[in-house]
Amino acid sequence: MGSIDEEESSLLEVEQSLLQEVKLYTEDGSVDINGNPPLKEKTGNWKACPFIFANECCERLAYYGIAKNLITYFTNELHETNVSAARHVMTWQGTCYITPLIGALIADSYWGRYWTIACFSGVYFIGMVALTLSASVPGLKPAECIGSLCPPTTTVQQAVLFSGLYLIAIGTGGIKPCVSSFGADQFDQTDPRERVRKSSFFNWFYFSINVGAFVSSALLVWVQENCGWELGFMIPTVFMGVATVSFFFGTPLYRFQKPRGSPITRVCQVLVAAYRKMNLKIPEENRTFLFLDKAAIISKEEEANSESFHDPWKLCTMTQVEEVKILLRLFPIWASGIIFSVLHSQIYTLFVQQGRSMKRTIGSFEIPPATLGMFDTASVLISVPIYDRLIVPLARRFTGLLKGFTDLQRMGIGLFISVLSLTVAAIVEMVRLRLARDLDLVESGDTVPLTIFLQIPQYFLMGTAGVFFFVGRIEFFYEQSPDSMRSLCNAWALLTTTLGNYLSSMIITLVACLSGKDNDDDGWIPSDNLNNGHLDYFFWLLVCLGCVNLPVFVFFSVKYTHKKV
């Protein structure tokens with residue numbers, strides 16, 4: 001009897017030892033660089049994050065080093081009108097946020113996130129080099145204006161410039177949808193301690209983005225307008241190289257999730273199978289998107305033909321069906337980000353042009369108007385630590401949630417603050433135009449003696465709105481998307497920025513056509529002389545769009561059902 005007890009005790013010790021050994025490794029299906037289950041103590045977690053943060057910081061410095069002042073480059077160096085320049089910038093920025101769909105499909109289906117980031121970083125760097133050459137080589141940029149005569153860009157000059165810009169758009173398409181998900185992959189979802197750290201990761205990831213954006217606003221914009229565009233584009237090119245090197249340095253510490261096949265194919269299979277069984281009668285249940293369930297139900301014809309069981313275009317698994325349902329439930333939340341992006345895109349376009357018409361000098365020092373974008377990023381650098389260390393613990397006492405607010409609540413707060421930002425911008429513009437009329441500066445178009453620092457609140461509020469909306473959106477789509485579609489859903493979320501920029505470009509074009517002509521100073525947004533326009537009307541129009549968007553978002557947020565596959 002004693003020997004049996006001793007044997008059972010020995011077996012129990014072995015089981016406990018094996019269980020303890022298992023917990024030394026991650027349990028979320030990730031692998032290390034050699035394809036083995038990764039040790040928790042040696043891989044992932046916060047130890048892998050500095051390399052990812054450094055990569056994102058340098059890449060965003062490179063991106064914003066171009067984006068924040070690109071409208072000035074188009075107007076001052078390429079002699080474009082305000083409307084034309086804003087259209088070019090918004091179209092390019094929109095493209096930068098539609099290419100992530102390509103990168104996400106490649107990452108989820110074939111290469112995985114790591115190699116997608118690595119390969120597209122090379123394309124990004126080539127685009128940066130081409131853009132730098134277009135601003136440096138005399139034959140690749142238009143000659144300077146002689147009086148009021150400004151030579152237009154040639155076909156070759158445009159080809160090199162736009163080749164560089166759109167190679168950058170392709171490069172960012174492989175990095176943007178993957179890097180935040182790759183960073184989140186460093187935390188084991190099955191480990192409660194690491195799961196809490198993951199929530200904090202998203203805050204500090206967004207913080208690292210804005211460190212790069214802050215340096216761009218505070219330093220690179222000044223370099224571009226005072227030291228030349230050659231140096232102003234070369235510096236971000238160097239930082240893009242640093243971003244790539246930094247990412248590779250962390251390779252031994254990373255955890256990797258293997259690609260699980262094309263998510264688009266699985267979605268299409270569900271839709272096709274459900275369509276084929278459109279007339280199939282099934283019991284009515286209290287379930288959403290009931291018609292999709294038909295894709296996973298065996299029809300009488302399929303019972304007679306066993307080959308249909310092996311055809312995913314005729315019969316799908318319930319897991320596939322639930323994945324598509326998740327995407328459909330996410331759609332209204334996703335759509336709300338389009339109007340937010342319309343409002344947020346003004347930072348890089350009409351906020352800059354508004355500042356150019358205001359007093360920008362302190363003594364003999366002239367402030368480049370795009371520099372005020374630093375207050376957008378400064379608000380992020382201030383807000384993220386306050387949110388992570390103060391607001392979350394305080395909100396936790398009232399809500400009982402570890403994260404303080406739900407992701408949807410956080411996004412809703414961001415939408416509200418973005419409307420406040422445009423409201424402030426509209427009020428500032430009203431004051432500026434009234435002063436221009438009082439001082440008889442409407443016809444001359446001279447700078448209005450109203451300090452540019454009055455724009456600080458609108459930039460600061462928009463940055464704070466981003467802390468709530470963008471971080472909430474990143475975490476919401478990562479947590480709520482199917483495991484096999486995380487890169488794709490992240491890219492899908494970024495697509496709202498594309499549509500927002502395209503919609504903003506369309507609104508500007510319509511406003512220019514309906515309120516005046518592109519080449520005349522008689523519309524809301526004149527080509528050169530903003531004193532003769534009504535930019536305040538345009539800002540109020542955006543405020544109205546935001547006010548319509550917010551209650552729609554709240555309605556669908558309340559109805560949203562959290563569900564994971």
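Applying the salt bridge (Lys or Arg N to Asp or Glu O under 4.0 Å) rule to R410 yields no partners; only residues at least two apart in sequence or on another chain are considered. With sequence neighbours left out, the salt bridge (Lys or Arg N to Asp or Glu O under 4.0 Å) criterion links E225 to R356.
Using cut-offs of 30° and 60° for the angle between ring planes, the Y537 and H534 rings count as parallel.
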### Task
Report the C-alpha distance between Y73 and W229 in whole Å, list the side-chain angles of each, state the deciding distance to 0.1 Å, and finish with yes or no for ring pair (Phe, Tyr, Trp, His ring centres under 6.0 Å).
CA-CA 8 Å; Y73 184 69; W229 291 91; 4.9 Å; yes
### Task
Go through L167 and L131 one step at a time and tell me if the side-chain contact (heavy atoms from CB on, under 4.5 Å) criterion holds.
CA-CA 9 Å; L167 280 174; L131 181 64; over 6 Å; no
### Audit row: S357, V448, side-chain contact (heavy atoms from CB on, under 4.5 Å) steps and yes/no
CA-CA 6 Å; S357 300; V448 176; 5.7 Å; no
### Query
T99 and F120: side-chain contact (heavy atoms from CB on, under 4.5 Å), yes or no, with the steps?
CA-CA 11 Å; T99 53; F120 277 78; over 6 Å; no
#### Entry: Check against side-chain contact (heavy atoms from CB on, under 4.5 Å), I367 and L372
CA-CA 9 Å; I367 303 169; L372 263 70; 4.1 Å; yes
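Looking only at distances, a side-chain donor or acceptor of T423 sits under 3.5 Å from a matching main-chain atom of V419. Panel note: side chain D536, backbone A426; no donor-acceptor pair is recorded below 3.5 Å. A donor-acceptor contact shorter than 3.5 Å links the side chain of N55 to the backbone of A243. Although no hydrogens or angles enter the test, the distance criterion places a donor-acceptor pair under 3.5 Å between the side chain of W334 and the main chain of W492. When atom types are taken as modelled, the side chain of S421 and the backbone of Q458 share a donor-acceptor pair closer than 3.5 angstrom. Between the D388 side chain and the V384 main chain, no donor and acceptor come within less than 3.5 Å of each other. No donor-acceptor pair under 3.5 Å is formed between the side chain of S134 and the backbone N or O of L161.
In this structure, R437 does not pair ionically with E443, as no charged nitrogen and carboxylate oxygen lie closer than 4.0 Å.
In this structure, F247 CZ and S121 OG are separated by 7.0 Å, a value rounded to the nearest 0.5 Å. Atom CG in L328 sits 6.0 Å away from atom CG in L292 (nearest 0.5 Å). Atom CD1 of I339 sits about 11.5 Å away from atom SG of C544, to the nearest 0.5 Å. The distance from the CG atom of N69 to the CH2 atom of W222 is 13.5 Å, given to the nearest 0.5 Å. Distance check, rounded to the nearest 0.5 Å: CE of M411 to CZ of R473 gives 7.0 Å. The distance from the OG1 atom of T75 to the CD atom of E80 is 9.0 Å, given to the nearest 0.5 Å.
Residues L330 and F477 are in side-chain contact: their nearest non-hydrogen atoms beyond the backbone lie under 4.5 Å apart. At least one side-chain heavy atom of L454 sits under 4.5 Å from a side-chain heavy atom of M358. Within the 4.5 Å cutoff, side-chain heavy atoms of L327 are placed close to those of C489. By the 4.5 Å heavy-atom criterion applied to side chains, S383 and F207 are not counted as neighbours. Between V179 and E56 the shortest side-chain heavy-atom distance falls below 4.5 Å. Contact annotation: the side chain of I508 approaches that of F538 to within less than 4.5 Å [non-hydrogen atoms, C-beta and beyond]. By the 4.5 Å heavy-atom criterion applied to side chains, W92 and I66 are counted as neighbours. Between C49 and F201 there is a side-chain heavy-atom pair separated by less than 4.5 Å.
Between G414 and F340 the shortest heavy-atom distance is O-CE1, 3.7 Å. In this structure, F202 and A184 approach most closely via the heavy-atom pair CZ-CB, 3.8 Å. Across every non-hydrogen atom of L165 and L70, the tightest pair is CD2-CD2, 4.3 Å. For the pair C178 and I117, the tightest heavy-atom approach, listed with the atom from each and the gap, is CB-CG1, 3.7 Å. G232 and P236 get closest at one heavy-atom pair: O-CD, 3.0 Å. Between T447 and L441 the shortest heavy-atom distance is O-CD1, 3.9 Å.
A 6.0 Å sphere centred on CG of D438 holds more than 12 heavy atoms belonging to other residues, nucleotides or ligands. Counting non-hydrogen atoms of neighbouring residues, nucleotides and ligands closer than 6.0 angstrom, the CZ atom of F239 reaches no more than 12 such neighbours.
Side-chain contact check for S504 and Q346: at least one donor-acceptor pair (N or O, by modelled atom type) lies under 3.5 Å.
Applying the ring-ring contact (aromatic ring centres under 6.0 Å, His included) test to pairs two or more places apart or on separate chains, those with a residue in residues 371-394 are Y387-F468. For residues 398-430, no residue pair satisfies the ring-ring contact (aromatic ring centres under 6.0 Å, His included) rule, not counting sequence neighbours.
Applying ring pair (Phe, Tyr, Trp, His ring centres under 6.0 Å) to H344 and the options F470, Y459, F351 leaves one that passes, F470. Applying side chain to side chain contact (heavy atoms under 4.5 Å, CB included) to F469 and the options L415, I413, I417, I474 leaves one that passes, L415.
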Just distance, no hydrogens or angles: give the donor-acceptor pairs under 3.5 Å from side chains in residues 427-435, sequence neighbours left out.
from: E429; atom 1: OE1; to: Q354; atom 2: NE2; distance (Å): 3.1
from: E429; atom 1: OE1; to: R432; atom 2: NE; distance (Å): 3.1
from: E429; atom 1: OE2; to: R432; atom 2: NE; distance (Å): 3.4
from: E429; atom 1: OE2; to: R432; atom 2: NH2; distance (Å): 2.8
from: R432; atom 1: NH1; to: N531; atom 2: OD1; distance (Å): 2.6
from: R432; atom 1: NH2; to: L530; atom 2: O; distance (Å): 3.4

Under 3.5 Å, which donor-acceptor pairs do the side chains of residues 57-64 form with other protein atoms, sequence neighbours left out?
from: E59; atom 1: OE2; to: Y124; atom 2: OH; distance (Å): 3.0
from: R60; atom 1: NH2; to: T172; atom 2: OG1; distance (Å): 3.1

